Number of protein chains: 2
Amino acid sequence: MEYSIEDIRNKLSEKGLKVTPQRIAIVDAIYKLGSHPTAEKIIEYIRQSNPNIASGTVYKVLDTLIKHKLIKRVTTDKDVMRYDGIMENHHHLYCINCDVIEDYIDEELDTLLNNYFKNKKIEGFRINEFMLQIKGTFDKH
Amino acid sequence: MEYSIEDIRNKLSEKGLKVTPQRIAIVDAIYKLGSHPTAEKIIEYIRQSNPNIASGTVYKVLDTLIKHKLIKRVTTDKDVMRYDGIMENHHHLYCINCDVIEDYIDEELDTLLNNYFKNKKIEGFRINEFMLQIKGTFDKH
DNA sequence: GTGGTTGCAAACCCTTTGCACGGCA
DNA sequence: TGCCGTGCAAAGGGTTTGCAACCAC
């Protein structure tokens with residue numbers, strides 16, 4: 001992903017959020033870490049350059065970012081939360097053996113699903129978005 | 001879902017698990033409660049008829065049932081775990097406003113996805129199964 | 001200036017663990 | 001009888017909360 005700190009500042013102020021060093025560092029960490037980090041990984045990364053950040057702050061900022069749709073939570077069946085900086089609709093590959101989660105972007109698939117549900121309504125339910133979870137194994141493991 | 005206690009006893013012993021009242025009660029609770037209950041809901045339900053069951057026991061049994069593929073964990077972006085007694089491949093409808101999760105069974109969709117990924121391989125990844133998460137709102141809410 | 005943010009530490013809550021007792025095979 | 005499963009209570013660990021100090025705007 002290509003981005004600059006200035007981009008992050010802009011994203012924050014567009015949402016009416018105060019631009020603080022902590023918030024910049026957290027968004028930056030999520031982008032840099034890439035692989036759907038846990039809060040712990042984010043804290044660990046930020047403390048390299050900013051040892052004084054409080055973990056409570058990180059959790060609060062993550063919540064704020066989610067509320068303002070700057071990041072998403074990744075759904076898993078584990079009890080630690082993971083975060084995702086990509087806001088465009090996309091899908092995920094889950095490894096059965098380890099806890100790697102990779103992004104899967106496939107516009108052809110999106111079209112297929114959109115067309116399918118354009119005709120096939122689900123009674124009593126209004127669809128907002130969908131996300132395919134693909135479980136399997138990475139060859140490299 | 002149609003089932004009897006005898007069915008549950010059979011499922012347990014088929015997997016080589018000892019048939020205990022607690023295990024029967026837990027599987028029965030998941031089937032009866034239906035709507036992807038949390039551990040807390042399961043405990044609450046069972047205590048109506050069996051007030052002495054320990055919560056530790058419930059968690060241990062749930063783990064055992066998952067390991068032996070009698071139930072599944074439902075993936076969410078919340079920090080409480082939820083459980084699902086349906087083992088056949090199926091999808092889920094997630095309500096954006098509340099925490100209702102409903103099953104969505106659609107064989108036509110399964111066929112569509114299977115055919116799509118029969119041709120379109122994902123490089124470096126071997127697909128085991130997929131599950132579509134459909135987010136939106138229920139009219140009734 | 002002032003209201004939103006941060007740091008800190010304690011509280012929370014769901015889940016896990018250890019161990020002795022109990023009950024299914 | 002042997003061993004797996006249960007109850008109990010304590011520990012664990014990720015996340016949330018309260019409050020005073022701070023700092024973007």
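Side chains are part of it too, since the values below use all heavy atoms of this structure and drop only hydrogens, waters and symmetry mates. Fair warning: this is a prediction, and the values are worked out from it, not measured in the lab. Numbers restart at 1 for each chain; the letters A, B, ... are given by sequence-line order, proteins then strands.
- By the 4.5 Å heavy-atom criterion applied to side chains, B:L113 and A:L132 are counted as neighbours.
- In 5' to 3' order, the nucleotides of DNA chain D bounding all contacts with chain B (an atom under 4.0 Å from a heavy atom) are D:dG2 to D:dC8.
- Listed by first then second residue, pairs satisfying ring pair (Phe, Tyr, Trp, His ring centres under 6.0 Å) with a partner in residues 49-84 of chain A number zero, not counting sequence neighbours.
- For the 3.5 Å distance criterion, the side chains of B:H91 and B:D103 fail to qualify, holding no donor opposite an acceptor.
- Using a 30° and 60° split on the angle between ring planes, A:F130 and A:F117 fall in the tilted class, from 30° to 60°.
- Between A:M87 and A:L70, every side-chain heavy-atom pair lies at or beyond the 4.5 Å cut-off.
- Between the side chains of B:H90 and B:D84, a donor-acceptor pair is found at a separation under 3.5 Å.
- With contacts defined as side-chain heavy-atom distances shorter than 4.5 Å, the pair B:T75/B:M131 qualifies.
- Classification of B:D139 and A:R126 as a salt-bridged pair holds, one side-chain N sitting under 4.0 Å from a carboxylate O.
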(request) Decide side-chain contact (heavy atoms from CB on, under 4.5 Å) for B:V74 and B:Y94; before the verdict, give the C-alpha distance in whole Å, the side-chain angles of both, and the deciding distance to 0.1 Å. (result) CA-CA 11 Å; B:V74 179; B:Y94 292 74; 3.9 Å; yes
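- A:Y104 is linked by a side-chain hydrogen bond (donor to acceptor under 3.5 Å, both in side chains) to A:D106, counting only residues two or more places apart in sequence or in another chain.
- Residues B:I42 and B:L62 are in side-chain contact: their nearest non-hydrogen atoms beyond the backbone lie under 4.5 Å apart.
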(request) Using a 4.0 Å heavy-atom cut-off, write out nucleotides 16-25 of chain C from 5' to 3' as B (base contacted by protein), S (sugar-phosphate only) or - (no contact). (result) BBBB---BBS
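- Residues A:T38 and A:K41 meet the side-chain proximity criterion, which asks for heavy atoms closer than 4.5 Å.
- Listed by residue number, there are no residues of residues 42-54 of chain A with a heavy-atom contact under 4.0 Å to DNA chain D.
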Grab the N/O contacts between the protein and nucleotides 10-13 of chain C below 3.5 Å, and write none if there aren't any.
none

